[in-house]
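Chain naming here is simple, since letters A, B, ... match the order of the sequence lines and numbering starts at 1 in each. These numbers come from a predicted model, not from an experiment. These values consider heavy atoms only, across backbone and side chains, with no hydrogens, waters or symmetry-generated copies.
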Amino acid sequence: MKTKLGAFLVLLLLPTSSAFGADELNTGDTAWIIVATALVMMMTPAGLALFYGGMSRYKNLLNTFAMTVIAYCLASVIWVVWGYSLAFSGEGSLVGNLDALMLRGIGINSVSGTIPTYVFVLFQMTFACITVALVIGSVVDRMKFSSWIVFTVLWVTFIYCPIAHWVWGGGWMSQLGALDFAGGNVVHINAGVAGLVIALMLGKRVGYGKEAMFPSSVTLTTLGAGLLWFGWFGFNAGSELAADGVAASAFLVTNTSAATAALAWMAAEWIGTGKPTLLGIASGIVAGLVSITPAAGFVGLSASLLIGAVAGVLGFFSVSKLKLKMGYDDSLDAFGVHGLCGIWGALATGLFATPAITEGAAGLFYGNPKQLWIQVISILATIAYTAIGTVIVVWITKLLTGGLRVNRDDEVKGLDSSLHGERGFEF
Amino acid sequence: MKTKLGAFLVLLLLPTSSAFGADELNTGDTAWIIVATALVMMMTPAGLALFYGGMSRYKNLLNTFAMTVIAYCLASVIWVVWGYSLAFSGEGSLVGNLDALMLRGIGINSVSGTIPTYVFVLFQMTFACITVALVIGSVVDRMKFSSWIVFTVLWVTFIYCPIAHWVWGGGWMSQLGALDFAGGNVVHINAGVAGLVIALMLGKRVGYGKEAMFPSSVTLTTLGAGLLWFGWFGFNAGSELAADGVAASAFLVTNTSAATAALAWMAAEWIGTGKPTLLGIASGIVAGLVSITPAAGFVGLSASLLIGAVAGVLGFFSVSKLKLKMGYDDSLDAFGVHGLCGIWGALATGLFATPAITEGAAGLFYGNPKQLWIQVISILATIAYTAIGTVIVVWITKLLTGGLRVNRDDEVKGLDSSLHGERGFEF
Amino acid sequence: MKTKLGAFLVLLLLPTSSAFGADELNTGDTAWIIVATALVMMMTPAGLALFYGGMSRYKNLLNTFAMTVIAYCLASVIWVVWGYSLAFSGEGSLVGNLDALMLRGIGINSVSGTIPTYVFVLFQMTFACITVALVIGSVVDRMKFSSWIVFTVLWVTFIYCPIAHWVWGGGWMSQLGALDFAGGNVVHINAGVAGLVIALMLGKRVGYGKEAMFPSSVTLTTLGAGLLWFGWFGFNAGSELAADGVAASAFLVTNTSAATAALAWMAAEWIGTGKPTLLGIASGIVAGLVSITPAAGFVGLSASLLIGAVAGVLGFFSVSKLKLKMGYDDSLDAFGVHGLCGIWGALATGLFATPAITEGAAGLFYGNPKQLWIQVISILATIAYTAIGTVIVVWITKLLTGGLRVNRDDEVKGLDSSLHGERGFEF
Amino acid sequence: MKKIEAIIKPFKLDDVKEALNEIGIQGMTITEVKGYGRQKGHKEIYRGAEYVVDFIPKLKIEIVVEAARADSVVDIIAKAANTGKIGDGKIFILPMDSAVRVRTGERGADAL
Amino acid sequence: MKKIEAIIKPFKLDDVKEALNEIGIQGMTITEVKGYGRQKGHKEIYRGAEYVVDFIPKLKIEIVVEAARADSVVDIIAKAANTGKIGDGKIFILPMDSAVRVRTGERGADAL
Amino acid sequence: MKKIEAIIKPFKLDDVKEALNEIGIQGMTITEVKGYGRQKGHKEIYRGAEYVVDFIPKLKIEIVVEAARADSVVDIIAKAANTGKIGDGKIFILPMDSAVRVRTGERGADAL
Ligand SMILES: Nc1ncnc2c1ncn2[C@@H]1O[C@H](COP(=O)(O)OP(=O)(O)O)[C@@H](O)[C@H]1O
Ligand SMILES: Nc1ncnc2c1ncn2[C@@H]1O[C@H](COP(=O)(O)OP(=O)(O)O)[C@@H](O)[C@H]1O
Ligand SMILES: Nc1ncnc2c1ncn2[C@@H]1O[C@H](COP(=O)(O)OP(=O)(O)O)[C@@H](O)[C@H]1O
């Protein structure tokens with residue numbers, strides 16, 4: 001989403017908002033971003049919990065829900081206590097400071113751009129929450145619940161907050177001019193790479209490769225994908241921080257990319273295996289949403305068709321071929337879908353960004369090859385930082401919780417029963 | 001929803017909006033319609049997928065989801081590529097032209113009424129998507145997935161777009177003065193009649209009439225009805241294209257009609273069979289929502305109580321008596337609920353429309369008998385066009401995909417397994 | 001939510017809104033409250049139906065859904081026909097009058113504060129609906145459907161409407177200066193106490209205490225909790241009736257309290273039983289949301305952390321210890337979670353309310369001990385009125401429907417089959 | 001007294017039930033089972049890979065009858081459950097000592 | 001050695017289990033089955049039409065015991081599962097050759 | 001001809017199936033059952049209270065074989081299903097009169 005700087009810029013460009021002038025509250029913009037925040041919030045405990053829960057095996061359905069919900073709870077508390085401050089206060093180029101601890105200095109009359117600062121804080125909070133929750137997709141079926149809790153606290157603090165600062169908090173990436181409208185680097189590449197790292201450190205699930213690990217419910221997963229899609233309009237169009245034409249354009253390309261990617265994944269799978277699965281269609285939706293995220297406020301309709309089409313094929317290829325080839329156990333494909341499609345989206349932004357949508361944001365095909373390099377740098381820097389940082393965070397977590405992984409018997413029996421003493425359905 | 005003409009009219013009537021003048025963006029109106037668009041979008045891949053999926057037999061649950069989700073994906077891509085242009089560009093009275101192909105000529109600063117034109121395009125898109133998806137209710141359990149895909153492309157292009165143009169794109173029905181606030185003709189009668197036609201062309205399901213075909217999950221169906229109700233506020237109140245008193249009134253009558261219809265259906269079934277089913281209550285909600293749709297911006301509270309009550313009884317009668325009498329296999333009652341209740345709603349608009357809500361829109365009981373005739377003409381024209389057009393579209397689909405129907409064994413085994421190689425739940 | 005009086009007050013305080021002046025429609029505020037209304041609506045037929053349905057035993061899953069959906073339908077019709085009038089018309093200090101029967105005197109141009117009066121009516125309607133639906137949590141698994149219908153009509157009319165009038169309709173509690181931002185007294189204490197009363201009058205379920213009555217689906221319950229959380233932003237932040245900084249602050253403390261309570265409940269249960277259940281986490285979310293409800297527009301971030309933490313522990317204690325000790329059968333803990341946490345929230349408002357958020361609203365810790373007493377009085381008055389009133393209402397219901405309870409065989413067989421002739425899932 | 005256990009294709013249940021009713025068999029007990037045999041199972045697809053599910057849904061029908069009627073019952077079932085395709089199933093005949101009706105305590109043939 | 005198969009009403013399981021524990025029966029295997037017999041099934045309603053579901057949920061309890069104990073076990077079950085209403089179920093007694101405990105390989109009575 | 005019924009731990013199914021295939025057993029019928037015995041069930045938690053679920057998920061494998069092969073089949077299963085932990089299950093051997101293949105009407109050994 002816009003850096004504050006960006007937000008001001010927009011104000012000067014938009015007839016309506018400018019009618020109010022910078023830093024005066026606009027009730028229409030505020031109404032939209034309050035709702036957008038609620039939509040993005042819903043993505044984690046409802047959308048993602050269903051999407052991931054339905055993909056995990058039945059014996060781990062509730063555990064997957066629990067990890068997702070608790071990730072949201074922890075991250076949202078961390079954010080308002082110290083996370084926001086680390087990401088958005090101060091002028092540092094690497095990380096923020098602690099001036100805004102407990103949101104100190106922000107009140108009901110504080111305004112950022114045309115919305116209350118509290119709304120900006122909350123909107124950003126929902127991004128921190130879903131980012132760490134996305135990591136779950138790589139680790140379900142085998143991680144200790146206690147380890148997950150400790151990991152969440154450390155990862156949000158030491159990995160998410162600095163990267164959010166780089167891109168949206170006025171840090172070095174924004175100074176460099178990297179384009180990341182709604183979180184290609186900050187959210188998807190970050191979560192996807194972290195997921196891969198921790199999946200490798202956890203090791204494969206018992207029986208992985210030998211037995212088919214069918215999703216507990218493709219029905220729930222598809223409902224989850226539908227709710228994620230719904231929420232994603234808040235995620236991408238909300239990142240404009242105003243109710244204007246750019247938000248509308250972001251909405252347009254978001255929907256188009258998701259739809260195209262679902263069709264592309266379906267086609268690829270149909271050709272590849274002879275049958276189009278609903279799991280594939282649902283995964284395609286998410287792949288398309290991920291890919292358009294960094295580009296949402298910068299690219300036009302035709303680019304979104306292409307971005308989505310490539311995302312669908314790339315996603316299918318990475319979860320059905322690449323993963324098997326490489327042999328890592330990315331349980332629900334957080335890396336395959338979020339990591340790889342996030343990288344594609346960040347690159348695509350460097351290719352297709354057009355000034356016609358956001359003044360001054362141009363990609364290779366609009367005469368600005370430099371942007372592509374900036375995107376590449378930002379991608380590599382994100383991968384490097386999150387990869388190394390996550391290794392350290394996981395390593396500390398392992399120490400603090402005496403191992404990351406449940407014992408073999410509990411894993412075989414299932415985490416719902418062994419960790420929570422419950423079952424998903426009691427028919 | 002309002003024709004652009006209508007939208008202007010409103011502007012002149014509304015204090016706030018007029019404060020901004022026509023064709024200047026209002027952030028409040030924009031905020032509301034962006035959200036309304038997201039709500040209507042959610043109705044298809046979440047609300048309708050659950051509502052229909054839960055009603056289909058378990059062995060076809062995922063296939064019903066897949067048809068619904070893919071219908072949304074296809075229709076939304078078609079809409080932004082050529083559908084919007086066919087429906088909303090040009091002055092033709094029968095159909096639009098191709099000037100707005102790929103949304104040519106529309107940019108982030110284009111405004112329609114008080115909202116960005118992109119938002120208008122997207123809001124309209126969600127209507128095209130759900131309309132074709134509604135047809136699924138008549139064909140589940142037996143149609144080839146490939147046939148459904150081809151049908152969707154043809155039907156949205158040749159049936160939906162022209163009718164949308166007639167009513168909302170400045171075509172002959174709007175010139176005639178037909179009142180259809182949110183889609184009685186365009187959405188419900190259209191989808192319901194198309195469903196009946198294709199159900200007749202497909203033939204009955206194996207075992208139809210002999211065995212009870214219980215819904216796979218009334219639980220999911222009811223959740224779907226709840227989400228449809230939630231989204232319908234965007235559908236009906238959003239069709240005002242502004243955040244004003246008429247939108248509020250549309251919200252009021254929408255909710256009242258849905259609630260009344262659910263109670264009426266429940267009562268009718270309780271009396272008729274001795275037991276009130278939850279499936280009946282859920283169906284009643286939808287019947288009430290359908291009936292109020294064309295009338296939402298034109299009628300008052302008392303009318304909405306009556307419209308809903310009649311809708312509930314009519315719906316129950318049509319699915320439990322009429323269908324059996326006539327012997328067609330309208331699997332999930334798309335015709336019974338959407339077709340017949342849509343007709344009732346369109347007529348009711350001609351009876352109860354009051355100028356107190358939208359200036360110049362008066363029905364029989366408000367001294368304008370002519371309106372009722374206009375409604376009858378618009379209903380008959382819609383039925384005739386969609387019936388004939390759908391026959392042709394289905395016939396072409398049959399040619400292109402070598403038959404519409406899965407083979408007997410696959411139908412008996414279930415489409416989830418035979419077409420998608422999946423199961424709804426893996427417990 | 002604000003009394004109209006309160007709403008005006010706000011107008012004078014808020015830069016934006018005041019820019020429009022009192023009683024002139026603001027499209028941004030209107031957009032937000034229309035959406036907030038839709039969000040709160042969704043809480044009942046989707047959120048609460050899932051939350052309660054998933055907690056009830058499988059054989060009663062659909063009946064719990066049916067009670068919830070029908071409660072919404074009945075209450076929403078009652079509200080627009082006579083309920084709103086009883087609660088919000090006239091100057092009476094105990095109850096309103098019948099001037100606004102059928103919303104007489106309200107039109108599309110009527111404005112309250114900065115939103116259409118219709119929107120205010122609808123927003124209030126959704127509160128009446130969910131309040132009576134919350135009572136279901138104490139009575140599922142054994143109450144006759146017909147008795148529930150009669151009870152709903154009587155209770156909304158004679159219990160809910162008067163209390164709503166006291167607090168929000170200009171009645172004695174608002175004159176007294178009781179602080180109840182979004183419904184601690186009106187909604188949660190009211191519903192929780194009514195639930196306890198009717199649970200006692202119904203008696204225990206067959207087998208209660210002897211056999212474990214496992215939830216039919218913790219999966220559905222958790223999804224319900226997620227949707228309730230999502231809708232609760234409309235409930236609490238919407239109660240500001242404007243898109244401004246106070247709404248944003250209400251959103252902030254609502255989310256923080258919910259997250260903290262979920263973590264606290266989890267911790268308490270983990271320590272208490274050795275395992276953190278997902279049912280506990282989901283219940284904690286609701287406990288935190290309930291507790292912050294009366295305080296949402298009055299307290300700051302640090303208070304919300306404390307309110308949530310206490311709510312989580314209190315909730316766990318009340319459902320796992322207190323209930324067993326007292327021996328009442330509060331099936332799904334409507335009293336334990338809504339009643340007790342509602343009381344805690346109302347008291348906490350008297351402790352932590354700070355003028356920094358809403359001018360003139362100060363609690364004990366902000367130099368106004370008197371407020372705490374006012375809160376205590378309002379709590380006791382609410383408990384007394386709802387307890388006595390509910391006894392009478394239930395007693396009348398019993399007469400009218402010939403007993404409240406299904407016969408033993410039907411209860412053992414399950415209400416889905418015996419009352420509705422259906423099953424939740426047909427796999 | 002004999003116990004007859006028939007493993008059949010699920011969609012054949014109604015045919016078998018009706019055929020048995022015609023010869024006056026009023027009681028039976030059905031169990032959902034999974035069968036493994038010559039019949040190949042269907043394929044399930046997950047993440048682009050195909051998995052053959054070689055356990056196929058079948059129904060087991062248990063009927064206890066007087067020894068004298070066993071053969072005719074077996075023939076009836078064999079006819080009614082037959083599709084001629086692989087996987088039609090098996091019928092097993094087991095010896096029995098006796099039967100009791102819980103409600104009345106009746107024993108032997110009277111219990112059926 | 002005998003194999004006892006009892007078809008009972010589901011909600012009677014606990015009573016039967018307790019009764020068997022009292023006489024020292026520690027092992028049994030339960031299967032969810034559907035019963036067809038004199039007892040009429042419940043009605044399900046779909047789109048205003050009533051359908052009788054004539055397969056009724058029952059539980060099958062399988063217990064293997066030494067021949068000597070068979071009769072007493074049968075009597076206990078018959079008593080514990082009885083409600084006096086149609087549909088109480090049946091108890092079947094079957095001959096057995098032998099039994100093996102997987103864990104230890106013990107055979108015959110020791111395996112139980 | 002014998003009927004072999006083995007109650008095993010669910011996750012042992014594949015091992016047993018493979019072991020049986022190796023000795024040429026091509027057919028079997030599997031039922032999901034709940035077992036009650038020495039093995040303690042797992043605990044479920046509800047509203048802060050613990051409940052022991054003493055019925056444990058097991059699988060019942062039914063295999064009909066010629067009498068001559070019965071012992072070897074039993075041994076194979078006992079080996080393949082063994083974990084050495086309580087709850088490994090039982091194998092029961094029952095006498096049988098005959099078997100019929102529905103598809104062909106073949107009887108006796110040919111039906112298997
Ligand atoms: N030896 C056996 N013991 C027990 N059940 C068997 C045996 N052989 C086959 N079955 C059951 O009979 C079903 C049908 O057998 P199968 O070999 O697939 O076809 P067919 O009945 O035509 O020979 C199997 O699915 C299995 O349930
Ligand atoms: N001949 C039979 N063979 C196997 N099972 C039977 C037979 N007759 C009845 N049953 C089982 O016993 C159950 C109860 O029998 P039913 O005739 O309904 O009542 P009752 O036990 O009082 O005679 C049936 O549901 C069925 O499961
Ligand atoms: N007497 C019995 N009759 C029928 N099934 C039994 C009997 N005893 C045990 N079983 C079955 O065998 C399973 C394992 O028995 P258990 O006593 O738990 O351990 P073990 O097999 O090591 O002795 C039980 O869960 C039950 O399903």
Side-chain angles (χ1 to χ4, degrees), chain A residues 14-17 26-32 35-36 39 57-58 114 214-220 222-223 225-227 229-230 233-234 237 242-249 251-252 255-256 258-260 262-263 266 273-279 281-282 285 301-302 305 356-357 424-425 427, chain B residues 20 24-32 34-35 37-39 41-42 44-47 49-50 53 61-63 65-66 69-70 72-77 80-81 102-103 107-111 115-119 121-122 125 145 217 220 223 243 416 418-427:
Chain A
L14 298 174
T16 7
S17 311
N26 173 302
T27 59
D29 294 341
T30 302
W32 164 228
V35 176
L39 284 170
R57 285 171 296 171
Y58 179 58
T114 59
F214 289 115
S216 57
S217 172
V218 176
T219 312
L220 296 182
T222 309
L223 175 59
L227 294 180
W229 196 344
F230 174 49
F233 295 127
D244 60 23
V246 175
S249 173
F251 194 124
L252 169 68
N255 190 75
T256 305
T260 315
L263 295 168
M266 177 185 77
T273 69
K275 280 179 179 168
T277 62
L278 182 56
L279 178 63
I281 292 167
I285 288 169
L301 175 59
S302 37
L305 288 162
I357 290 169
F425 291 86
F427 290 170
Chain B
F20 296 86
E24 193 180 301
L25 187 145
N26 173 302
T27 58
D29 294 341
T30 302
W32 163 230
I34 289 178
V35 177
T37 303
L39 284 170
M41 172 274 169
M42 180 275 298
T44 304
L50 285 165
L61 171 56
L62 296 184
N63 175 252
F65 262 73
V69 172
I70 284 303
Y72 180 89
C73 294
L74 288 166
S76 61
V77 172
V80 295
V81 176
M102 288 290 292
L103 307 185
I108 57 164
N109 297 319
S110 317
V111 173
I115 63 174
T117 303
Y118 276 142
V119 175
V121 172
L122 288 161
M125 174 190 78
F145 194 52
S217 172
L220 295 182
L223 175 59
D416 291 2
S418 56
L419 299 188
H420 305 286
E422 294 172 294
R423 250 173 307 167
F425 291 86
E426 191 86 28
F427 290 169

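Using a 4.5 Å cut-off between heavy atoms, A/L252 contacts chain B through both its backbone and its side chain. Interface remark: A/L279 contributes backbone and side-chain atoms alike to the contact with chain B (heavy atom separation under 4.5 Å). There is no contact between B/A49 and chain A, counting heavy-atom distances below 4.5 Å. Only the side chain of B/V69 comes within contact range of chain A, with at least one heavy atom under 4.5 Å from a heavy atom of that chain. For A/V35, the part lying under 4.5 angstrom from a heavy atom of chain B is the side chain only. Using a 4.5 Å cut-off between heavy atoms, A/F233 touches chain B through its side chain atoms alone. Contacts of B/L50 with chain A are made by side-chain atoms alone, with heavy-atom separations under 4.5 Å and no backbone atom involved.
Proximity of A/F230 to B/L39: side-chain heavy atoms (C-beta onward) are separated by under 4.5 Å at one or more points. Contact check for A/Y58 versus B/F425: no side-chain heavy atoms found under the 4.5 Å cut-off.
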*Start with the C-alpha distance between A/M266 and B/F145, add both sets of side-chain angles, then the distance that settles side-chain contact (heavy atoms from CB on, under 4.5 Å), and finish with yes or no.*
CA-CA 12 Å; A/M266 177 185 77; B/F145 194 52; 3.7 Å; yes

*Could you give me the CA-CA distance, side-chain angles and deciding distance for A/S302 and B/M102, then say whether side-chain contact (heavy atoms from CB on, under 4.5 Å) is met?*
CA-CA 8 Å; A/S302 37; B/M102 288 290 292; 3.7 Å; yes

_B/F427 vs A/F427, test: side-chain contact (heavy atoms from CB on, under 4.5 Å). Steps then yes/no._
CA-CA 10 Å; B/F427 290 169; A/F427 290 170; 4.2 Å; yes

*CA sep, side-chain torsions, deciding dist, call: A/D244, B/Y118, side-chain hydrogen bond (donor to acceptor under 3.5 Å, both in side chains)*: CA-CA 10 Å; A/D244 60 23; B/Y118 276 142; over 6 Å; no

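Of the listed residues (A/P276, A/G226, A/A225), the greatest number of heavy-atom pairs within a distance under 4.5 Å of chain B belongs to A/P276. Of all the listed residues (B/G107, B/A75, B/S418), the one sharing the greatest number of non-hydrogen pairs under 4.5 Å with chain A is B/S418. In terms of heavy-atom pairs under 4.5 Å with chain B, the best-connected choice from A/A31, A/G234, A/A282, A/A248 is A/A248. Taking chain A as the reference chain and counting heavy-atom pairs below 4.5 Å, the highest number among B/P45, B/C73, B/P116 is found for B/C73. When each of B/G47, B/G53, B/A38, B/G28 is scored by its heavy-atom pairs under 4.5 Å with chain A, the top score falls to B/A38.
Nearest approach of B/S76 to A/N255, heavy atoms of both residues: CB-ND2, 3.4 Å. For A/G245 against B/L25, the heavy-atom pair with the smallest separation is N-CD1, 4.5 Å. Heavy-atom minimum distance, B/A66 versus A/I281: CB-CD1, 4.3 Å. For the pair B/A46 and A/L227, the tightest heavy-atom approach, listed with the atom from each and the gap, is CB-CD2, 4.3 Å. Annotation for A/L223 and B/F65: closest pair N-CE2, 4.4 Å, computed over non-hydrogen atoms.
Summarising the geometry, atom CD1 belonging to B/I34 is positioned 7.5 Å from atom CZ belonging to A/F251; distances are rounded to the nearest 0.5 Å. Within the model, atoms CZ of A/R57 and CD of B/E426 stand 11.5 Å from one another, a figure rounded to the nearest 0.5 Å. The distance from the CE atom of B/M41 to the CH2 atom of A/W229 is 5.0 Å, given to the nearest 0.5 Å. Note: B/L122 CG to A/S249 OG = 9.0 Å, rounded to the nearest 0.5 Å. Note that the OG1 atom of A/T219 and the CG atom of B/L62 stand 4.5 Å from one another [nearest 0.5 Å]. Put simply, OH on B/Y72 and CD1 on A/I285 are 9.5 Å apart, with the number rounded to the nearest 0.5 Å.
Judged purely by atom type and a 3.5 angstrom limit, B/H420 has no side-chain atom pairing as donor or acceptor with the backbone of A/L278.
For the side chain to side chain donor-acceptor pair (under 3.5 Å) test with B/T27, the passing option among A/T27, A/D29, A/N26 is A/N26; the others fail.
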